[in-house]
*Asks:* 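Submitted below is the structure of interest, expressed as structure tokens.
Computation of the quantities below employed the complete heavy-atom set of this structure, encompassing side-chain atoms and omitting hydrogens, waters and symmetry-equivalent molecules. Keep in mind the model is a prediction, meaning the values are calculated, not measured.
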Amino acid sequence: AFCLEIRMRIAFCFIELGELSDARCELEAESTRTLLTFAGPTQLEAYFFAYGNLLAKTGNYEAADKLLVRAQIIATTELQDASTVDRICRFRLHWANHYGEWSTLLELAQEFRVEAQKQGLVGLMHWSTEAVCFALRGLHQYAEAKQGAEQIHSRLQKGGAREQHVAVWA
């Protein structure tokens, strides 16, 4: 477990330095994969989350999302950690939006919004609502996107959000 932690920290350092190919080598090394067989759910979630985000940063959205789904399943079923689920879901929304996967973004945002309401994850609920608008705009459903954006703008104004965030939805 300790050795896997070290390998992952090395990969994180490479990621922070922008050395993505070196980070990928660390995460894909045979020794790292062997260590994963002894890892507990916390380490497995961290590995799949890091590896998924790394692949997304290097342009491999589909493989990245599969790894993020694995991390999300572990966080939901084994760790039962709502804040970790929230973090993973936000990244899945981010990458779908980043790569213009509008249908996927809409599907994920609707799914996550329902789940966020059930679990009381206010931040994820807001992110999901915004993601629906981005997806609708990307799918050229402008009237629906505009209606959603107006609702977000109104909510942000009433909630006392920072002016720069409110202005995005004006």
*Asks:* Taking side chain as C-beta onward, heavy atoms only, is E144 less than 4.5 Å from V132?
*Replies:*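 With C-beta onward as the side chain, the pair stays apart.
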
*Asks:* With a 4.5 Å heavy-atom cut-off, do Q147 and Q151 have their side chains touching?
*Replies:*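 Yes, their side chains come closer than 4.5 Å.
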
*Asks:* Between C133 and A149, which heavy-atom pair has the shortest distance, and what is it?
*Replies:*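 That closest heavy-atom pairing would be SG-N, 3.5 Å.
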
*Asks:* Is it the case that over 12 heavy atoms from other parts of the model lie below 6.0 angstrom from the CD atom of Q117?
*Replies:*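 For Q117, atom CD is crowded (more than 12 foreign heavy atoms under 6.0 Å).
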
*Asks:* Taking distance alone, no hydrogens or angles, what donor-acceptor pairs closer than 3.5 Å link side-chain atoms of residues 73-83 to residues at least two apart or in another chain?
*Replies:*
{"unit_1": "T76", "atom_1": "OG1", "unit_2": "Q72", "atom_2": "O", "d": "2.8"}
{"unit_1": "T77", "atom_1": "OG1", "unit_2": "I73", "atom_2": "O", "d": "2.7"}
{"unit_1": "D81", "atom_1": "OD1", "unit_2": "S83", "atom_2": "N", "d": "3.1"}
{"unit_1": "D81", "atom_1": "OD1", "unit_2": "S83", "atom_2": "OG", "d": "2.9"}
{"unit_1": "D81", "atom_1": "OD1", "unit_2": "T84", "atom_2": "N", "d": "3.4"}
{"unit_1": "D81", "atom_1": "OD2", "unit_2": "T84", "atom_2": "OG1", "d": "2.7"}

*Asks:* For G123 versus D86, what's the shortest heavy-atom pair and its separation?
*Replies:*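 In terms of heavy atoms, the two residues are closest at C-OD2, 4.4 Å.
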
*Asks:* Measure the OG-CZ distance between S31 and R7 for me, rounded to the nearest 0.5 Å.
*Replies:*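 Rounded to the nearest 0.5 Å, the OG-CZ separation comes out at 3.5 Å.
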
*Asks:* Under 4.5 Å between side-chain heavy atoms, hopping through other hydrophobics if needed: is there a path connecting L93 to L121?
*Replies:*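 Same cluster: L93 reaches L121 through Ile, Leu, Val, Met, Phe, Trp or Tyr contacts under 4.5 Å.
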
*Asks:* How many angstroms lie between CG in L54 and CZ in R24, if you round to the nearest 0.5 Å?
*Replies:*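 If I round to the nearest 0.5 Å, the distance is 7.0 Å.
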
*Asks:* Linking I/L/V/M/F/W/Y whenever any side-chain heavy atoms sit under 4.5 Å apart, do I88 and L36 land together?
*Replies:*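 I88 does not cluster with L36.
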
*Asks:* Flag yes if L35 and F12 sit in one hydrophobic cluster, no otherwise; membership is Ile, Leu, Val, Met, Phe, Trp, Tyr, and two members link when side-chain heavy atoms are under 4.5 Å apart.
*Replies:*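 As far as the 4.5 Å side-chain criterion goes, F12 and L35 are connected within one cluster.
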
*Asks:* Decide whether F14 and M8 are clustered together by the hydrophobic rule: side chain heavy atoms of Ile, Leu, Val, Met, Phe, Trp, Tyr closer than 4.5 Å, transitively.
*Replies:*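 Result: no, two separate clusters.
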
*Asks:* When you look at CZ of R70, are more than 12 heavy atoms from neighbouring residues, nucleotides or ligands closer to it than 6.0 Å?
*Replies:*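 No, CZ of R70 has 12 or fewer neighbouring heavy atoms, counting only those of other groups under 6.0 Å.
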
*Asks:* Would you indicate whether the side-chain heavy atoms of Y61 and H98 approach each other to under 4.5 Å?
*Replies:*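 Side-chain contact under 4.5 Å: no.
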
*Asks:* Which atom names give the shortest non-hydrogen contact between A131 and A109, and what distance separates them?
*Replies:*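 Of all heavy-atom pairs spanning A131 and A109, the closest is CB-CB, 3.7 Å.
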
*Asks:* For a side chain to side chain contact (heavy atoms under 4.5 Å, CB included) check, start with the C-alpha distance between R90 and F112, then their side-chain angles and the critical distance, and finish with the verdict.
*Replies:* CA-CA 9 Å; R90 288 182 194 215; F112 295 163; over 6 Å; no

*Asks:* Taking atom CD as the centre, does E62 end up with more than 12 heavy-atom neighbours from other residues, nucleotides or ligands that are less than 6.0 angstrom away?
*Replies:*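 It does not: E62 CD has 12 such atoms or fewer within range.
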
*Asks:* For A64 and A56, work out which heavy atoms get closest and say how close.
*Replies:*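 Closest approach of A64 to A56: CB-N, 3.4 Å.
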
*Asks:* Determine yes or no for a side-chain-to-main-chain donor-acceptor pair under 3.5 angstrom, with T37 supplying the side chain and R33 the backbone.
*Replies:*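 Flag not set: sc T37 to bb R33 has no pair under 3.5 Å.
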
*Asks:* Can I get a per-line list of side-chain donor-acceptor pairs under 3.5 Å for residues 43-53, giving both atom names and the distance, sequence neighbours left out?
*Replies:*
{"unit_1": "Q43", "atom_1": "NE2", "unit_2": "A1", "atom_2": "O", "d": "2.8"}
{"unit_1": "E45", "atom_1": "OE2", "unit_2": "R87", "atom_2": "NH2", "d": "3.1"}
{"unit_1": "Y47", "atom_1": "OH", "unit_2": "L27", "atom_2": "O", "d": "2.6"}
{"unit_1": "Y51", "atom_1": "OH", "unit_2": "E28", "atom_2": "OE2", "d": "2.4"}
{"unit_1": "N53", "atom_1": "OD1", "unit_2": "W95", "atom_2": "NE1", "d": "2.6"}
{"unit_1": "N53", "atom_1": "ND2", "unit_2": "F49", "atom_2": "O", "d": "3.0"}

*Asks:* With rounding to the nearest 0.5 Å, note down the distance linking CD1 in I10 to CD in E19.
*Replies:*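 The CD atom of E19 is 14.0 Å from CD1 of I10, to the nearest 0.5 Å.
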
*Asks:* Rounded to the nearest 0.5 Å, what's the gap from CG on N97 to CH2 on W127? Could you check?
*Replies:*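 It comes to 9.5 Å.
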
*Asks:* Is any side-chain heavy atom of L105 closer than 4.5 Å to one of F134?
*Replies:*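 Yes, their side chains come closer than 4.5 Å.
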
*Asks:* What distance separates L20 CG from K57 NZ, expressed to the nearest 0.5 Å?
*Replies:*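 Reported value, rounded in 0.5 Å steps: 6.5 Å.
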
*Asks:* State the CD-CZ distance between E111 and R113, to the nearest 0.5 angstrom.
*Replies:*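 Reported to 0.5 Å precision, the distance equals 12.5 Å.
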
*Asks:* Going hydrophobic residue to hydrophobic residue with side-chain gaps under 4.5 angstrom, can you get from L106 over to L108?
*Replies:*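 Yes, same cluster.
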
